[in-house]
Amino acid sequence: MISIRLEKLLKKYDLNISELSESTGIARSTLTPLVKQPNEVQGLRIDTVNTLCEFFGVSIDELLNFTPEKKKYKIFSIWSINTDLLIGMQKQLGSKHRQTLLSATYRFGVSGDGEEVNIIIAPLSKKEIGQIEIKELDTTALMDGSVFTDDLLKKSSEIIIETSRIIAMAVLKTNSFSNSIPDRFDPKIINVDWKVSIKNILSYETLSFKKRDNDELTFIKQDSAPFFAIEDENIN
């Protein structure tokens, strides 16, 4: 969300809307909503921003404030391909959706905490997406996984945890997972391992959840510093 600090600047220099309009040539009808409704800025022209910055002698950062909206990604579909899963993620952006694909693989194991499942999540690049054929999906409209990664890394830990929980819950409910689970295997710990690539650096982050009797997942721990990066020579 973008808001404008015009009212604060007017008060600082003891000006009113009429005086600012006369001094800058910007119409009162343009300035009034910027002052009265600073959090509902729409259709603001670049030349108007430039004129206001020049008039007050401020930078764009001093005039405008950007606060990322706390919108979460949601799953719009899951596909099973061999033993892997493809997870379609989307987030509302205005009247449109930002969509991408994640690959998900899982492994069964035993640790000191008992039986567990490791779910490995990797955002797919535009090149990788282009190699996938899904009849009901227009892959050319999907964004590169690096955009998803950059967006996710800017979110709060609460949103990263919730996104991980939603994906893990969805994986556990797929027929592919149900058909793969070993006999008498009853995992109580679900680990979500994020595998992301940023400028040829392979990064990992593991979030662990406890599986309750009602199959809900509760976050219990994060094993390492957020997205601890290590070199990987195999990444192009």
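- With hydrogens and angles disregarded, a donor-acceptor distance shorter than 3.5 Å links the side chain of D144 to the backbone of K126.
- Under the side chain to side chain contact (heavy atoms under 4.5 Å, CB included) rule, W79 has a single partner from I87, D84, L101, L85, which is L101.
- Under a 3.5 Å cut-off, the side chain of E19 and the backbone N or O of N16 do form a donor-acceptor pair.
- Using modelled atom types, one side-chain atom of T100 and one backbone atom of M143 make a donor-acceptor pair closer than 3.5 Å.
- Looking only at distances, no side-chain donor or acceptor of S23 sits under 3.5 Å from a matching main-chain atom of L20.
- Using a distance-only test at 3.5 Å, with no hydrogens or angles considered, a donor-acceptor pair links the side chain of N179 to the main chain of N175.
- Not one N or O on the side chain of S103 forms a donor-acceptor pair closer than 3.5 Å with the backbone of L86.
- Classification of the F108-F185 ring pair by plane angle, with boundaries at 30° and 60°, yields perpendicular.
- Panel note: side chain R5, backbone L64; a donor-acceptor pair is recorded below 3.5 Å.
- Although no hydrogens or angles enter the test, the distance criterion places a donor-acceptor pair under 3.5 Å between the side chain of S180 and the main chain of S176.
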Margin query: Run I60 and F66 through side chain to side chain contact (heavy atoms under 4.5 Å, CB included) and show every step you take.
Written below: CA-CA 11 Å; I60 292 179; F66 173 67; over 6 Å; no
Next item on the list: Apply side chain to side chain contact (heavy atoms under 4.5 Å, CB included) to Q92 and H97, showing your working.
Entry: CA-CA 5 Å; Q92 187 80 25; H97 287 100; 2.8 Å; yes
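- Counting heavy atoms from C-beta on, the side chains of R212 and K210 come closer than 4.5 Å.
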